[in-house]
Amino acid sequence: QVQLVESGGGLVQSGDSLRLSCAASGPRFDNYVMGWFRQAPGKEREFVAAISRTGRSTYYADSVKGRFTISRDNAKNTMYLQMNALEPEDTTTYYCAAGHDIWPNDYASGMSYWGKGTQVTVSS
(Lines give C-alpha, C1' and ligand atoms only; values in the text may rest on other atoms or scores of the structure.)
Protein backbone atom coordinates (compact mmCIF):
# COMPACT_ATOMS: atom_id res chain seq x y z
CA GLN A 1 0.00 0.00 0.00
CA VAL A 2 1.21 3.49 -0.84
CA GLN A 3 0.98 6.41 1.54
CA LEU A 4 1.06 9.88 0.02
CA VAL A 5 1.87 13.20 1.66
CA GLU A 6 1.53 16.50 -0.16
CA SER A 7 3.47 19.65 0.69
CA GLY A 8 4.30 23.02 -0.82
CA GLY A 9 0.95 24.74 -0.72
CA GLY A 10 0.55 28.26 0.53
CA LEU A 11 -0.72 31.78 -0.07
CA VAL A 12 0.60 33.58 -3.14
CA GLN A 13 -0.40 36.46 -5.37
CA SER A 14 -1.82 36.21 -8.84
CA GLY A 15 0.97 35.51 -11.34
CA ASP A 16 3.24 33.87 -8.77
CA SER A 17 4.53 30.30 -8.81
CA LEU A 18 4.41 27.38 -6.41
CA ARG A 19 5.80 23.87 -6.52
CA LEU A 20 3.83 21.12 -4.87
CA SER A 21 5.49 17.88 -3.83
CA CYS A 22 3.99 14.47 -3.16
CA ALA A 23 6.17 12.11 -1.15
CA ALA A 24 5.27 8.44 -1.39
CA SER A 25 6.11 5.69 1.03
CA GLY A 26 5.68 2.04 0.32
CA PRO A 27 7.07 -0.43 -2.14
CA ARG A 28 7.87 0.21 -5.75
CA PHE A 29 6.92 3.83 -6.36
CA ASP A 30 7.70 3.32 -10.02
CA ASN A 31 4.92 0.74 -10.26
CA TYR A 32 2.33 3.50 -10.02
CA VAL A 33 0.99 6.11 -12.32
CA MET A 34 0.50 9.34 -10.46
CA GLY A 35 -1.79 12.29 -10.64
CA TRP A 36 -2.78 15.64 -9.19
CA PHE A 37 -6.38 16.57 -8.55
CA ARG A 38 -8.05 19.50 -6.86
CA GLN A 39 -11.33 20.02 -5.10
CA ALA A 40 -12.95 23.01 -3.50
CA PRO A 41 -15.54 22.61 -0.72
CA GLY A 42 -18.91 21.74 -2.17
CA LYS A 43 -17.52 21.20 -5.65
CA GLU A 44 -16.62 18.13 -7.65
CA ARG A 45 -13.10 16.84 -7.75
CA GLU A 46 -11.22 18.11 -10.80
CA PHE A 47 -8.39 16.43 -12.65
CA VAL A 48 -5.26 18.56 -12.94
CA ALA A 49 -2.44 16.42 -14.33
CA ALA A 50 -1.19 12.84 -14.55
CA ILE A 51 2.10 11.15 -15.29
CA SER A 52 3.10 7.69 -16.40
CA ARG A 53 5.31 5.33 -14.44
CA THR A 54 8.48 6.41 -16.21
CA GLY A 55 7.50 10.06 -16.49
CA ARG A 56 7.71 10.01 -20.27
CA SER A 57 3.98 10.62 -20.73
CA THR A 58 2.10 13.47 -19.14
CA TYR A 59 -1.50 14.61 -19.29
CA TYR A 60 -3.07 17.94 -18.36
CA ALA A 61 -6.43 19.52 -17.90
CA ASP A 62 -7.06 22.27 -20.42
CA SER A 63 -7.38 24.79 -17.61
CA VAL A 64 -3.75 24.31 -16.55
CA LYS A 65 -2.05 23.36 -19.81
CA GLY A 66 0.92 25.62 -20.46
CA ARG A 67 1.02 26.85 -16.86
CA PHE A 68 1.50 23.68 -14.78
CA THR A 69 4.12 20.96 -15.20
CA ILE A 70 3.95 17.53 -13.61
CA SER A 71 7.10 15.52 -13.03
CA ARG A 72 8.41 12.70 -10.88
CA ASP A 73 11.69 11.50 -9.44
CA ASN A 74 11.45 7.77 -8.95
CA ALA A 75 14.77 7.68 -7.12
CA LYS A 76 13.27 10.01 -4.49
CA ASN A 77 9.76 8.49 -4.48
CA THR A 78 8.41 11.96 -5.14
CA MET A 79 6.11 13.62 -7.64
CA TYR A 80 5.93 17.34 -8.29
CA LEU A 81 3.57 19.92 -9.70
CA GLN A 82 5.20 23.15 -10.81
CA MET A 83 2.50 25.79 -11.00
CA ASN A 84 3.28 29.03 -12.81
CA ALA A 85 1.15 32.06 -13.61
CA LEU A 86 -1.24 31.19 -10.82
CA GLU A 87 -4.72 32.66 -10.95
CA PRO A 88 -7.31 33.16 -8.20
CA GLU A 89 -9.33 30.41 -9.90
CA ASP A 90 -6.56 27.96 -8.94
CA THR A 91 -7.40 28.46 -5.27
CA THR A 92 -8.43 25.16 -3.70
CA THR A 93 -7.04 22.01 -2.07
CA TYR A 94 -4.70 19.92 -4.20
CA TYR A 95 -4.46 16.16 -3.80
CA CYS A 96 -1.96 13.71 -5.14
CA ALA A 97 -2.97 10.21 -6.11
CA ALA A 98 -1.37 6.95 -7.16
CA GLY A 99 -2.82 4.10 -9.15
CA HIS A 100 -2.35 1.54 -11.85
CA ASP A 101 -4.08 3.01 -14.87
CA ILE A 102 -4.47 6.29 -16.68
CA TRP A 103 -7.97 6.60 -18.12
CA PRO A 104 -8.23 9.86 -20.08
CA ASN A 105 -12.02 9.74 -19.87
CA ASP A 106 -11.90 9.50 -16.08
CA TYR A 107 -8.47 9.94 -14.58
CA ALA A 108 -9.67 9.51 -10.99
CA SER A 109 -10.97 6.00 -11.68
CA GLY A 110 -7.43 4.77 -12.30
CA MET A 111 -6.19 5.99 -8.94
CA SER A 112 -6.27 3.87 -5.80
CA TYR A 113 -4.43 5.88 -3.18
CA TRP A 114 -4.92 9.51 -2.17
CA GLY A 115 -3.13 12.01 -0.01
CA LYS A 116 -4.81 14.35 2.46
CA GLY A 117 -4.24 17.45 0.38
CA THR A 118 -2.44 20.77 0.53
CA GLN A 119 -4.14 24.16 0.32
CA VAL A 120 -3.25 26.64 -2.40
CA THR A 121 -4.62 30.16 -2.15
CA VAL A 122 -4.03 32.74 -4.86
CA SER A 123 -4.97 36.31 -4.09
CA SER A 124 -5.82 38.80 -6.81
Side-chain angles (χ1 to χ4, degrees):
Q1 184 162 345
V2 177
Q3 294 182 325
L4 305 170
V5 178
E6 303 93 337
S7 62
L11 171 63
V12 297
Q13 293 187 330
S14 182
D16 285 352
S17 298
L18 275 177
R19 189 176 80 155
L20 305 184
S21 298
C22 173
S25 61
R28 296 302 307 273
F29 176 71
D30 58 356
N31 269 356
Y32 298 95
V33 299
M34 303 289 294
W36 288 99
F37 297 78
R38 61 189 184 185
Q39 186 172 20
K43 294 190 176 182
E44 290 189 359
R45 180 172 52 200
E46 178 187 9
F47 166 73
V48 176
I51 190 166
S52 63
R53 291 172 179 80
T54 62
R56 292 195 188 104
S57 298
T58 56
Y59 310 80
Y60 295 95
D62 288 342
S63 58
V64 306
K65 201 171 294 183
R67 299 189 298 125
F68 292 9
T69 302
I70 189 171
S71 62
R72 66 189 294 164
D73 185 339
N74 286 345
K76 295 183 178 180
N77 283 12
T78 303
M79 176 181 64
Y80 305 98
L81 185 69
Q82 178 66 43
M83 306 188 294
N84 298 331
L86 282 162
E87 304 166 352
E89 293 73 20
D90 296 317
T91 295
T92 189
T93 303
Y94 286 72
Y95 299 87
C96 73
H100 296 285
D101 297 289
I102 291 181
W103 300 105
N105 290 331
D106 184 3
Y107 289 97
S109 66
M111 303 298 167
S112 302
Y113 306 101
W114 297 83
K116 295 185 184 301
T118 185
Q119 176 68 34
V120 171
T121 303
V122 185
S123 64
S124 57

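All values reported here derive from a predicted model rather than from experimental measurement.
Screening Val48, Ile51, Val64 for a side chain to side chain contact (heavy atoms under 4.5 Å, CB included) with Ile70, the sole residue that qualifies is Ile51.
Leu4 and Phe47 are members of different hydrophobic clusters when ILVMFWY side chains are connected at heavy-atom separations under 4.5 Å. Cluster membership for Leu18 and Val122, using ILVMFWY side-chain heavy atoms within less than 4.5 angstrom, is shared. Residues Val2 and Met111 fall into different hydrophobic clusters, defined by Ile, Leu, Val, Met, Phe, Trp and Tyr side chains chained together at heavy-atom separations under 4.5 Å. Residues Tyr59 and Val33 share a hydrophobic cluster, clusters being chains of Ile/Leu/Val/Met/Phe/Trp/Tyr side chains in contact below 4.5 Å. Under the 4.5 Å side-chain heavy-atom criterion for grouping Ile, Leu, Val, Met, Phe, Trp and Tyr, Met79 is connected to Val120 within one hydrophobic cluster.
Distance check, rounded to the nearest 0.5 Å: CG of Asn84 to CZ of Arg19 gives 11.5 Å. Leu86 CG to Ser14 OG: the interatomic distance, rounded to the nearest 0.5 Å, is 8.0 Å.
For Ala49 against Leu81, the heavy-atom pair with the smallest separation is CB-CD1, 4.3 Å. When all heavy atoms of Thr78 and Ser21 are compared, the pair lying nearest together is CG2-CB, 4.3 Å. Closest approach of Ala50 to Tyr107, counting heavy atoms only: CB-CD2, 4.1 Å. Residues Asp106 and Ser109 come closest through the heavy atom pair O-OG, 2.7 Å.
Sorted by first and then second residue, the side chain to side chain donor-acceptor pair (under 3.5 Å) pairs involving residues 114-124 (not counting sequence neighbours) are Thr93-Gln119, Gln119-Thr121. Every pair passing salt bridge (charged side-chain N to carboxylate O under 4.0 Å, His left out) that includes a residue from residues 41-52 is listed here, sequence neighbours excluded: Arg38-Glu46. Among residues at least two apart or in separate chains, ring pair (Phe, Tyr, Trp, His ring centres under 6.0 Å) pairs with a member in residues 75-103 are Tyr32-His100. Sequence neighbours left out, the pairs with a member in residues 20-122 that pass disulfide (SG to SG under 2.5 Å) are Cys22-Cys96.
Residues satisfying the side-chain hydrogen bond (donor to acceptor under 3.5 Å, both in side chains) criterion with Asn74, sequence neighbours excluded, are Arg72. Ser25 meets the side chain to side chain contact (heavy atoms under 4.5 Å, CB included) test with Gln3; sequence neighbours excluded. With sequence neighbours excluded, no residue satisfies side-chain hydrogen bond (donor to acceptor under 3.5 Å, both in side chains) with Ser57. Among residues two or more places apart in sequence or in another chain, the side-chain hydrogen bond (donor to acceptor under 3.5 Å, both in side chains) test is passed with Asp30 by Arg28. With sequence neighbours left out, Phe68 forms a ring-ring contact (aromatic ring centres under 6.0 Å, His included) with no residue at all. The side-chain hydrogen bond (donor to acceptor under 3.5 Å, both in side chains) test applied to Asp62 returns Lys65, not counting sequence neighbours. Judged as a ring-ring contact (aromatic ring centres under 6.0 Å, His included), and not counting sequence neighbours, Tyr60 has no contacts.
Side-chain atoms of Arg67 and Asp90, non-hydrogen and from C-beta on, do get closer than 4.5 Å to each other.
Put simply, the side chain of Glu6 gets close to the backbone of Gly117: a donor and an acceptor are under 3.5 Å apart. Between the side chain of Arg53 and the main chain of Asn31, a donor-acceptor pair closer than 3.5 Å is present.
Annotation for Leu11: hydrophobic cluster partners, listed by chain and number, are none (ILVMFWY side-chain heavy atoms under 4.5 Å, direct or chained).
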